[in-house]
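What follows is a set of notes on a single structure, which appears directly below.
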Amino acid sequence: MNLEKSLQAIIAKAIETLYGQAVSTDLIQISKTKKEFEGHLTLVVFPLLKISRQSPEQTAQSIGEYLQTHTSEVARFNVIKGFLNLVIAPSVWLTEFNSIHANENFGFTTATEQSPLVMIEYSSPNTNKPLHLGHIRNNLLGFSLSRILQANGNKIVKTNIVNDRGIHICKSMLAWQKWGEGITPQSSGKKGDHLVGDFYVLFDKHYKAEIAELIAKGETEDSAKKNAPLILEAQEMLRKWEAGDAETVSLWQTMNGWVYDGFDATYKAMGVDFDKIYYESDTYLLGKEVVLDGLQKGIVYQREDGSVWADLTANGLDEKLLLRGDGTSVYMTQDIGTAKLRFDHYPIDKMVYVVGNEQNYHFQVLSILLDRFGFEFGKGLVHFSYGMVELPEGKMKSREGTVVDADDLMAEMINTARETSNELGKLDNLSADEIASISRIVGLGALKYFILKVDPRKNMTFNPKESIDFNGNTGPFIQYTYARICSVLRKANESGIAIGSQASVALGISGKEEALIQLLAEFEAVVKQAGNEYSPSVIANYVYDLVKEYNQFYHDFSILKEEDSEMRAFRLMLSQNVARTVKKGMWLLGIDVPERM
RNA sequence: GGUCCGGUAGCUCAGCUGGAUAGAGCAACAGCCUUCUAAGCUGUGGGUCCCAGGUUCGAAUCCUGGUCGGAUCACCA
């Protein structure tokens, strides 16, 4: 906040005058005054005692008196222990407010030609299963992060790397050939990704049965897993795919097509999108070239069996396999290839990977390897690492059928939103289209906010019951406040009541209004902080604070019935700016706000 | 075992570049709808900030050690 900075300079000057000694600004600690005390900003004087050579109270008193008499910004002050609470003059708040009001874009920085280009990778699904709750956290974080970085003046490319090849895809394909030939999404009425996921599960079921059979015949578990006929067939299918066998490739294309249609529907429902999608089938061979090149240059080494390794012991890590004995790629190799391809396509200044914290080690290694292979961006890559989503009963386990499906969950949230709205009579007199739109906005808002308000680094518990609660610190509470402001502004408009365009300094405003302006002014700093820390939760918690403060204000005053027309215009103007900031904050989270609900 | 991350109210979470009496929401209880949307507002109760040391005028916050929980250390992705 600008006010804090200028106050810092003013105080520095005051101290120099009072004690004849210059101070560095980091000794001048200014924070927001706690609610139970009078004042807006508080100076902590303890660090200044060495200079003042007085008691904390005396020091605070002297500085306070100086500020009150020599500056126009400070109207009053009070001293409690070593804390100097400053009451900022109303005129300062009104000036601040007018400048925020005049700048529609307040808090956001628009990218220019020279702005850094940030590529952000998120989602990154496998094409053998539908998206689940874990993907939801990933997608929401990635999308919100892209908007936060955009608002901080970066050029953004959102990207997705689809893991469309490998043994897991072959399992689904094989199961379909064996037990589902002829079944399509159209014929079964199932979403493509769910249909393919079902065949993956079916494969697993039969595979497990074969293993059990082999163990019963006396084989060890390890050998049974390796020698079950189904897994051998799947491996054979992978070999055929890699060899370019026409029939296999064709089936692969068909089934992946089904899955992409399904994913597209899910992404669209979730409200996320991508600028560029990469497929591992296009990049997995590229990494091999980079690694072989590195082998010639002596960056990596080859073992007797032909496998290629990187020695990372100098970095305090282990040795890492990059190419198998048969020359094929592993996960790490693919990521190297994908990185190369991306940097060939775009002049990327910074690469951000939104990937779960179970892959912290992988990205630590990737950063070192990219750097060694001569890619400048390697050192600076950001692994945006987030925690797992757990259920109240514990982790999601596909074996136990506790995986929460993304499509189901979103549908359920929207349904509950509709039912709850209906019970409250919110949907009376609305068209079917409006009902559908509001239910969708509120249901998804609840889900998104519930997930985004939590610090990304932490594991979180997803309680379906609580997420559907629309009271308290929730998305719908914020949306509700927004809708109510819209309603007030609508009514003002209908009855020809003027909304202010410039707050007059002659107004006698109260602490409630000052508190709101102070919060509005913080938005700029909050957006910056969210960008620095890569954290949507900073935005979420800020918007909640703002809305909570506004609700108290809303209940204290009957805005439309205010008789003083100037005050009424000012309060409407303030409401308008709160709505604008809420909307911007929610936009950064990727959450829509309804104009009525 | 090595490395990384976490432990704050009954529950879900803020606060963590050191600052005042540690905050919200949920749940419980008590009030507020002839007044702009009660999905709201007001109040009450609820704490060994995992433990122990250290640094400091001052520690939930920083450091060290311990403890509990999670992740990871694959010729899986």
Side-chain angles (χ1 to χ4, degrees), chain A residues 26 29 31 33-37 42 44-47 49 56 80-83 85 124 126 128 163 165-168 280 303 305-309 316-318 320-332 334-335 356-362 364-365 385 387-388 390 392 395 417 420-421 423-426 442 446 450 453-455 457-463 465-467 469-481 483-492 495 497 537-538 540-542 544-545 548 551-552 554-562 571-572 575 596-597:
Chain A
D26 52 301
Q29 295 173 16
S31 53
T33 304
K34 293 198 142 207
K35 276 219 151 156
E36 58 265 39
F37 304 109
T42 295
V44 184
V45 299
F46 293 105
L49 299 183
I80 293 164
K81 296 186 207 166
F83 300 91
N85 299 323
S124 311
N126 288 349
N128 63 331
N163 180 10
R165 61 164 289 278
I167 190 79
H168 50 287
E280 279 188 1
R303 290 190 182 169
D305 63 1
S307 60
V308 178
W309 296 71
L317 304 174
D318 294 327
K320 187 79 189 170
L321 176 83
L322 295 178
L323 291 176
R324 295 192 186 96
D326 63 6
T328 56
S329 298
V330 294
Y331 178 41
M332 184 65 70
Q334 293 176 16
D335 258 359
N357 63 10
E358 73 271 16
Q359 294 193 31
N360 285 354
Y361 182 71
H362 173 79
Q364 208 183 336
V365 172
S385 161
M388 332 202 69
E390 290 163 15
K395 284 184 204 164
T420 309
S421 304
E423 277 167 29
L424 293 169
K426 303 266 180 196
V442 173
F450 189 88
K453 75 174 175 186
V454 182
D455 185 332
R457 288 168 306 181
K458 289 188 177 175
N459 287 0
M460 66 174 291
T461 304
F462 183 84
N463 187 328
K465 276 185 197 145
E466 276 178 32
S467 70
D469 197 340
F470 295 157
N471 300 314
N473 188 358
T474 63
F477 168 67
I478 293 164
Q479 291 171 322
Y480 174 66
T481 305
R484 226 164 32 181
I485 297 176
C486 287
S487 169
V488 169
L489 294 173
R490 242 185 343 256
K491 292 204 165 131
S495 22
I497 297 173
S537 68
V538 171
N541 288 300
Y542 165 80
Y544 175 67
D545 284 346
K548 202 167 154 50
N551 264 324
Q552 292 165 16
Y554 178 90
H555 281 272
D556 280 6
F557 303 110
S558 292
I559 300 172
L560 291 175
K561 304 228 160 74
E562 169 67 49
R571 288 194 180 139
L572 283 167
S575 301
R596 57 184 88 220
M597 69 183 270

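Quick note on labels: first sequence line is chain A, next is B, and so on, each numbered from 1. Both backbone and side-chain heavy atoms feed into the values below; hydrogens, waters and symmetry mates do not.
Between B/rC36, B/rU35, B/rA77, one nucleotide has an atom nearer to the side chain of A/N163 than all others, and that is B/rA77. When distances run from any side-chain atom of A/Q552 to the nucleotides B/rC36, B/rA77, B/rC41, the shortest one goes to B/rC41. The side chain of A/V330 approaches B/rA77 more closely than any other nucleotide in the set B/rU37, B/rA77, B/rA20. Here the side chain of A/T42 is nearest to one of B/rA20, B/rC36, B/rA38, namely B/rA20. Nearest to the side chain of A/S487, among B/rU37, B/rA39, B/rA77, sits B/rU37. Looking at the side chain of A/T33, the nearest of the listed nucleotides B/rC36, B/rA77, B/rA20 is B/rA20. Listed nucleotides B/rC41, B/rC36, B/rA24 differ in distance to A/H555; the shortest reach to its side chain belongs to B/rC41.
Spacing between B/rC26 and B/rU35 at atom C1', rounded to whole Å, works out to 30 Å. For B/rC51 and B/rA60, the C1' atoms lie 14 Å apart once the distance is rounded to whole Å. Between the P atoms of B/rG69 and B/rA74, the separation comes to 23 Å (whole Å). B/rC33 and B/rU42 have their P atoms separated by 16 Å, with the value rounded to a whole Å. Only the C1' atoms considered, B/rG15 is 8 Å distant from B/rA22, to the nearest whole Å. Comparing B/rU61 with B/rC49, their C1' atoms sit 10 Å apart, to the nearest whole Å. When the C1' atom is compared between B/rU3 and B/rG40, the two are found 49 Å apart, to the nearest whole Å. Using P as the reference atom, B/rU34 and B/rU44 are 25 Å apart when rounded to the nearest Å.
Residue A/R324 places at least one side-chain N or O under 4.0 Å from the OP1 or OP2 atom of B/rA77. For the pair A/R490 and B/rC36, the criterion of a side-chain N or O lying under 4.0 Å from OP1 or OP2 is not met. Within the structure, every side-chain polar atom (N or O) of A/K548 is placed at least 4.0 Å from both OP1 and OP2 of B/rG40. Of the side-chain N and O atoms in A/K81, one or more sit less than 4.0 angstrom from OP1 or OP2 of B/rU21. Between A/Q334 and B/rA77 there is no side-chain N or O to OP1 or OP2 distance below 4.0 Å. Regarding contacts with the backbone of B/rU37, every side-chain N or O of A/K426 stays at 4.0 angstrom or more from both OP1 and OP2.
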| note | Each nucleotide of nucleotides 1-18 of chain B classed B (base within 4.0 Å of a protein heavy atom), S (only sugar-phosphate) or -, in 5' to 3' order, makes -----SS---SSSS----

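Between the OH atom of A/Y331 and the P atom of B/rA77 there is a distance of 10 Å, given to the nearest Å. Note: CG (A/L424) to P (B/rA38) measures 11 Å, nearest angstrom. To the nearest angstrom, P of B/rG69 lies 14 Å from CD of A/E390.
Residues that satisfy the ring pair (Phe, Tyr, Trp, His ring centres under 6.0 Å) test with A/Y542, not counting sequence neighbours, are A/F523.
Results of the side-chain contact (heavy atoms from CB on, under 4.5 Å) test with A/R596 over A/R490, A/R484, A/K426 single out A/R490 as the only residue that passes. The side chain to side chain donor-acceptor pair (under 3.5 Å) test with A/D455 is passed by exactly one of A/K453, A/K458, A/R457: A/R457.
Position along RNA chain B of the nearest nucleotide to A/S31 versus A/T481 favours A/S31 as the more 5'-ward residue. Projected onto RNA chain B by closest heavy-atom contact, A/M332 and A/F557 fall at different nucleotides, the more 5' of which corresponds to A/F557.
Taking the side chain as every heavy atom from C-beta outward, A/T42 and A/F37 never approach each other to under 4.5 Å. A 4.5 Å side-chain heavy-atom check between A/F470 and A/Q479 finds every atom pair outside the cut-off. Within the 4.5 Å cutoff, the side chain of A/Y361 has heavy atoms near those of the A/L317 side chain.
Residue A/F37 is in base contact, counting any heavy-atom pair closer than 4.0 Å across all strands shown.
Across every strand in view, B/rU35 sits unpaired, with no contact that passes the Watson-Crick or G-U test at under 3.5 angstrom. Pair assignment for B/rG46 gives none, since no Watson-Crick or G-U wobble pairing has each distance under 3.5 Å. Remark: B/rU72 base-pairs with B/rG2. Criterion, Watson-Crick or G-U wobble with two distances under 3.5 Å. Base pairing of B/rA9: no nucleotide in any strand meets the Watson-Crick or G-U wobble criterion (both distances under 3.5 Å).
No donor-acceptor distance shorter than 3.5 angstrom exists from the side chain of A/R303 to the backbone of A/V308, with no hydrogens or angles considered. At least one donor-acceptor pair closer than 3.5 Å links the side chain of A/S495 to the backbone N or O of A/K491.
For B/rA27, the base has no donor-acceptor partner in the side chain of A/N471 [N/O atoms by modelled type, under 3.5 angstrom]. Side-chain to base pairing of A/T474 with B/rA39: no donor and acceptor N or O lie closer than 3.5 Å to each other.
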